[in-house]
Amino acid sequence: MIEITNKKDCCGCTACQSVCNKEAIEMLPDEEGFLYPHVNKDKCSNCGLCEKVCPIKKRNNTKKEKNYQKLYALRHMDEETLMQSSSGGAFSAIAEYVLSKGGTVVGAIYNSKMQVVHSFAKTYDEFAKMRGSKYSQSNLIGVFSRCKEILRTEKDKPLLFSGTPCQVHGLKTFLVRDYKNLITLDVVCHAVPSPQVFADYVDYVDNYFQDKMVDLQMRYKHSGGWSHHYAYRYAFASGKHSVDPDGIFNWGKVYFSHVINRPSCDTCPYTNYNRVSDFTVADFWDDTKLRPDIYSKKGTSLFIVNTQRGNLILDSIKSKAQVWDITEEESMQPCLANPTVPNIERKYFWKCYKKHGLKYAVKRYCTPTLMNRIRRKIRKTLGLI
């Protein structure tokens, strides 16, 4: 029976719930909005399957030796695809290959309530909703079981599952055996933030505009190109849209302050070159200017091929993308070396958020004002943080 006594030991992937044939496990949100397994002991048969498929348990018991086969920078050749992608369109290139074979793409979308959930695409229009970064932990309830059903019933068609490394590993441990028609893609993950806080942010935006938000592009390239300074485009049910409006703070201010990350992200065992997927994708920033020949304001992907299956697929997509060989030094970025460091004021943010709401907590803990910096220094000196 799986029991989570330390929240750093659970990534919320739903593998344990998915494998339980007694339906004894329910994924329920905690006070921060993160899902954790809760076991109904009256239904549990103590078979132990839930513990066996836990990706964090498995990962912590394995060596983290480098296993990639090749490192690349990649940029999709179609400009419209490139401009709708967060970086260089690597995910789109793989997804297009899968859809051309009559397969299924599984990835994160916004549902009708602007919640981030994993969904299934059989067409290019359905897949288009999966493009772009969505900085909120995705809900996977029911997804692994449906993936297994498709892999079994459509053996001659590929299924591409994309997600964070722990989500991909959770699917693979749940499936137990390797399916030849399964293709996996993980992102170099910065950490996953609270869905509860994101839901409050959506309400905040709706109230400000007096309109219902139906889409949020968090890496909008059309206004300033691709850079570390993200633009945010808000789309509404009325048909209106707004880019970086002055009256509201963008979601990145909260996310990149690291006060709402899932606790397990603090000790993430996937922040290294030992990858769990066929492909790993990320931004190829090249901040040290080692490869000026590759740079483009339209975006470039870091593209890591980890398996022989990945190599074969890469050969099939080279007609759609520019591909450059790169070195490990050129590929290196913080989350391939260490987990994201949590904000030392995290607990104070949550206390403030619960008492005063999101807008007030963000102003106090996510805005680097002089007063905030002084307050932080005093607390650190007094040993309060």
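Within the 4.5 Å cutoff, no side-chain heavy atoms of Met130 are placed close to those of Ser162. Taking the side chain as every heavy atom from C-beta outward, Lys157 and Leu159 never approach each other to under 4.5 Å. Here the side chains of Leu182 and Leu171 are in contact, with some heavy-atom distance below 4.5 Å.
Between atom CG of residue Leu140 and atom SG of residue Cys166 there is a gap of 9.0 Å, rounded to the nearest 0.5 Å. Interatomic distance, Gln137 CD to Asn261 CG, rounded to the nearest 0.5 Å: 10.5 Å. To the nearest 0.5 angstrom, Lys172 atom NZ is 6.0 Å from Ser277 atom OG. Note that OH of Tyr348 and CZ of Arg364 are 10.5 Å apart. Values are rounded to the nearest 0.5 Å. From Ser296, atom OG reaches atom CD of Gln322 across 8.5 Å, with rounding to the nearest 0.5 Å. Distance check, rounded to the nearest 0.5 Å: CG of Asn67 to OG1 of Thr307 gives 9.0 Å.
Linking Ile, Leu, Val, Met, Phe, Trp and Tyr whenever their side-chain heavy atoms come within less than 4.5 Å puts Val116 and Tyr234 in one cluster. Cluster annotation: Ile313 and Val187 are assigned to the same hydrophobic cluster (Ile/Leu/Val/Met/Phe/Trp/Tyr, side-chain heavy-atom contacts under 4.5 Å, transitive). Val197 and Ile248 fall within a single hydrophobic cluster, where Ile, Leu, Val, Met, Phe, Trp and Tyr are joined by side-chain heavy atoms under 4.5 Å apart, directly or via other members.
Note on ring orientation: taking the six-membered ring where Trp is involved, the planes of Trp226 and Trp285 are parallel (angle under 30°, cut-offs 30° and 60°). By the 30° and 60° cut-offs, the orientation of the rings of Phe303 relative to Phe279 is parallel. The aromatic rings of Tyr201 and Trp251 lie tilted to each other, with the angle between the two planes from 30° to 60°. Taking the six-membered ring for Trp and thresholds of 30 and 60 degrees, Phe349 and Tyr353 have nearly parallel ring planes, at less than 30 degrees apart.
No donor-acceptor pair under 3.5 Å is formed between the side chain of Arg131 and the backbone N or O of Gly89. A donor-acceptor contact shorter than 3.5 Å links the side chain of Thr62 to the backbone of Arg59.
Sequence neighbours left out, the pairs with a member in residues 5-17 that pass side-chain hydrogen bond (donor to acceptor under 3.5 Å, both in side chains) are Lys7-Asp30, Lys7-Glu31, Lys8-Asp266. Each ring-ring contact (aromatic ring centres under 6.0 Å, His included) pair with one or both residues in residues 71-116, not counting sequence neighbours, appears once here: Phe91-Phe127. The stretch residues 288-301 participates, sequence neighbours left out, in these salt bridge (Lys or Arg N to Asp or Glu O under 4.0 Å) pairs: Glu79-Lys298, Arg291-Asp293, Arg291-Glu330. Sorted by first and then second residue, the salt bridge (Lys or Arg N to Asp or Glu O under 4.0 Å) pairs with a member in residues 133-151 form an empty list; sequence neighbours excluded. For residues 216-228, the salt bridge (Lys or Arg N to Asp or Glu O under 4.0 Å) pairs, not counting sequence neighbours, are Arg219-Asp283. Residues in residues 186-201 take part in these salt bridge (Lys or Arg N to Asp or Glu O under 4.0 Å) pairs, two or more places apart or across chains: Asp186-Arg275.
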Report task. Mind running side chain to side chain contact (heavy atoms under 4.5 Å, CB included) on Ile94 and Ile317 for me, showing each step along the way? Result -> CA-CA 7 Å; Ile94 303 299; Ile317 67 169; 3.5 Å; yes

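Residue Trp324 is found in a hydrophobic cluster whose other members, listed by chain and number, are Tyr68, Leu71, Val188, Tyr273, Phe284, Ile294, Leu302, Ile304, Ile326, Met332, Leu336; membership requires side-chain heavy atoms under 4.5 Å apart, directly or through intermediates. Val192 belongs to no hydrophobic cluster, as no Ile, Leu, Val, Met, Phe, Trp or Tyr side chain comes under 4.5 Å of its own.
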Exercise answer: donor-acceptor pairs, residues 32-53 side-chain atoms, under 3.5 Å, sequence neighbours excluded:
unit_1	atom_1	unit_2	atom_2	d
Glu32	OE1	Arg346	NH2	2.7
Glu32	OE2	Arg346	NH1	2.9
Asn40	OD1	Asp42	N	3.0

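Annotation: side chain to side chain contact (heavy atoms under 4.5 Å, CB included) contacts of Ala235 (sequence neighbours excluded): Val214, Asp215, Arg233. A search for side chain to side chain contact (heavy atoms under 4.5 Å, CB included) contacts involving Cys268 returns Tyr270, Thr271, Pro339, not counting sequence neighbours. Checked against side-chain hydrogen bond (donor to acceptor under 3.5 Å, both in side chains), Asn311 has the following partners two or more places apart in sequence or in another chain: Gln69.
In His229, the NE2 atom is not crowded: 12 or fewer heavy atoms of neighbouring residues, nucleotides or ligands sit closer than 6.0 Å. Other residues, nucleotides and ligands contribute more than 12 heavy atoms inside 6.0 Å of the NZ atom of Lys212.
For Ser301 and Ser87, the side-chain atoms include at least one donor-acceptor pair closer than 3.5 Å.
Separation of the His190 and Phe256 ring centroids falls under the 6.0 Å cut-off.
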